[in-house]
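Here's the structure, in structure tokens; my notes come after.
Just so it is clear: chains get the letters A, B, ... in the order the sequence lines come, proteins before strands, and each one is counted from 1.
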There are 2 protein chains.
Amino acid sequence: MAEFEKLPGIGPRSAERLAFHILKTDKESALALAAAIRDVKEHVHHCRVCCHLTETDPCQICGDPRRERSRIFVVEQPKDLLQLEATGLVRGVYHVLLGHIAPLDGIEPGDLTIDGLVSRVKAGGIEEVVIATNPTMEGEGTALHIKSLLASTGVKITQLARGLPTGSQLEYASRAILQDAIEGRREF
Amino acid sequence: MAEFEKLPGIGPRSAERLAFHILKTDKESALALAAAIRDVKEHVHHCRVCCHLTETDPCQICGDPRRERSRIFVVEQPKDLLQLEATGLVRGVYHVLLGHIAPLDGIEPGDLTIDGLVSRVKAGGIEEVVIATNPTMEGEGTALHIKSLLASTGVKITQLARGLPTGSQLEYASRAILQDAIEGRREF
């Protein structure tokens, strides 16, 4: 119970329920869970190219010859990569920062994989770096920091579009969203 | 009670509560409400230029000499105009369509104020038409219809930006939002 309770979103009651489930379940299922947890820690690591979570090295995306290696999508977390990948619209490769700059939380640029990104770009062959950090204060700060580091390379730097989310109503949009939408308006 | 119950969002219980409030309140307050309702119907009408709701003609925005008359923001409803106006970022003028094209609901282009918009643009002096319909299927259909009608005028037609709403997380964005964000990415 004490171990389950350390997991996020698991309180004392849930931990008790999970522990009793393990006691009741057959030995095989319980050992399968234990093995899966151990396997993840032993076999899953960060891709040496893009820092995504992977069991192979480089990861399947970096190792895929059909991907456009000249276009790097920069995301904060592996789950953001999965979200973009699920759209099927990204033909380039990724770079996972493993977080965002947040000085108040003690997260400095050196804690992220920004150096690795800069090395990749400086190694050449890159046409476009698409910054796909979250449209939040921390994500934007991280984007600006990366932009300043890459400015001297002359590589094209773009950012995901911000504006009105598809399917929404102007009536319920915040001022910040409307500002992005007005200032970012485009030829139609 | 029967009259109150015809209002949107007012059920039988609310109608009863409102009716008893009118009975209890002093005569002056009750008559003020009655007068306000009558005044609105008698004095508020659509601006002959932009079709916004107004008590003056033209409306205060169309009559304001400091506004850029060369830039028209096209919205579906008066409440969308108010929402954009509240940002303080629009220096141009507006055109209120009074709805959107929705053939399934029997709303045809002729039911909107599109003819008025086309006349305004053809009268000259317009540099940019910013289409600010909702980022919905109906809003987009209406935008495309307007675009096709204005194409021959050579006026610059733009549309509010779509993409990730500021403050959101990539992780929770729908595929449609991510598609707008990826395809609409811009130089950063």
Side-chain angles (χ1 to χ4, degrees), chain A residues 71 73 75-92 128-137 139-140 143-144 146-147 150 156-188, chain B residues 71 73 75-92 128-137 139-140 143-144 146-147 150 156-188:
Chain A
R71 203 182 313 279
F73 283 73
V75 296
E76 294 183 21
Q77 299 287 0
K79 59 192 171 187
D80 299 328
L81 183 160
L82 295 176
Q83 185 75 348
L84 284 177
E85 195 59 12
T87 65
L89 297 166
V90 174
R91 290 187 302 166
E128 180 182 2
V129 173
V130 184
I131 302 186
T133 51
N134 283 322
T136 57
M137 205 127 77
E140 189 66 10
L144 286 167
I146 292 171
K147 183 190 171 189
L150 295 181
K156 181 176 175 188
I157 303 173
T158 59
Q159 191 177 32
L160 293 189
R162 290 210 212 174
L164 293 163
T166 290
S168 69
Q169 306 271 326
L170 236 70
E171 182 180 356
Y172 303 116
S174 70
R175 187 183 187 280
I177 293 173
L178 289 172
Q179 179 163 9
D180 283 339
I182 294 171
E183 292 175 352
R185 69 181 184 271
R186 62 189 59 206
E187 205 79 50
F188 173 59
Chain B
R71 203 181 313 279
F73 283 74
V75 297
E76 293 183 21
Q77 300 286 359
K79 59 192 173 189
D80 299 328
L81 183 160
L82 294 176
Q83 185 75 349
L84 285 176
E85 195 59 12
T87 65
L89 297 166
V90 174
R91 290 187 302 166
E128 180 182 1
V129 173
V130 184
I131 302 186
T133 51
N134 283 322
T136 57
M137 205 126 77
E140 191 65 10
L144 286 167
I146 292 171
K147 183 189 171 190
L150 294 181
K156 181 176 174 189
I157 302 174
T158 59
Q159 191 176 33
L160 293 189
R162 290 211 212 175
L164 294 163
T166 290
S168 69
Q169 305 270 329
L170 235 71
E171 183 181 355
Y172 304 117
S174 71
R175 186 182 187 281
I177 292 174
L178 289 172
Q179 179 164 9
D180 283 339
I182 293 170
E183 292 175 354
R185 68 181 184 271
R186 60 188 60 206
E187 207 75 52
F188 174 59

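The most heavy-atom pairs under 4.5 Å with chain A, out of B:Val90, B:Thr136, B:Thr133, B:Leu89, come from B:Leu89. By number of non-hydrogen pairs under 4.5 angstrom with chain B, the leading residue of A:Ala176, A:Ser168, A:Ala86 is A:Ser168. With chain B as partner, the option from A:Val75, A:Ile131, A:Leu84 having the largest number of non-hydrogen pairs under 4.5 angstrom is A:Leu84. Heavy-atom pairs under 4.5 Å with chain A peak, among B:Lys79, B:Gln77, B:Met137, at B:Lys79. Residue with the most contacts toward chain B among A:Gln169, A:Glu128, A:Arg185: A:Arg185 (heavy-atom pairs, distance under 4.5 Å). For chain A, the option among B:Ile157, B:Ile177, B:Leu178 with the highest count of heavy-atom pairs below 4.5 Å is B:Ile157.
Contacts of A:Glu140 classified as side-chain hydrogen bond (donor to acceptor under 3.5 Å, both in side chains), with partners at least two apart in sequence or in another chain: A:Gln159, A:Arg162. In terms of the side-chain hydrogen bond (donor to acceptor under 3.5 Å, both in side chains) criterion, residue partners of B:Glu183 (sequence neighbours excluded) are, by chain and number, B:Gln179.
Taking all atoms of both residues into account, the shortest heavy-atom contact from B:Pro135 to A:Pro165 is CG-O, 3.6 Å. Across A:Asp180 and B:Ala161, no two heavy atoms sit closer than the pair O-CB, 3.9 Å. The shortest heavy-atom contact between A:Thr87 and B:Arg175 is O-NH2, 2.7 Å.
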(request) Check the pair B:Arg186, A:Thr158 against side chain to side chain contact (heavy atoms under 4.5 Å, CB included), reporting the backbone distance first and the verdict last. (result) CA-CA 5 Å; B:Arg186 60 188 60 206; A:Thr158 59; 6.0 Å; no

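For the pair A:Phe188 and B:Leu144, the minimum side-chain heavy-atom distance is below 4.5 Å. Put simply, the side chain of B:Asn134 does not reach to within 4.5 Å of the side chain of A:Leu164, judged on heavy atoms. For the pair B:Glu171/A:Gln83, no side-chain contact is recorded, criterion being any heavy-atom separation below 4.5 Å from C-beta on.
Neither the backbone nor the side chain of A:Glu76 comes within contact range of chain B; no heavy atoms are under 4.5 Å apart.
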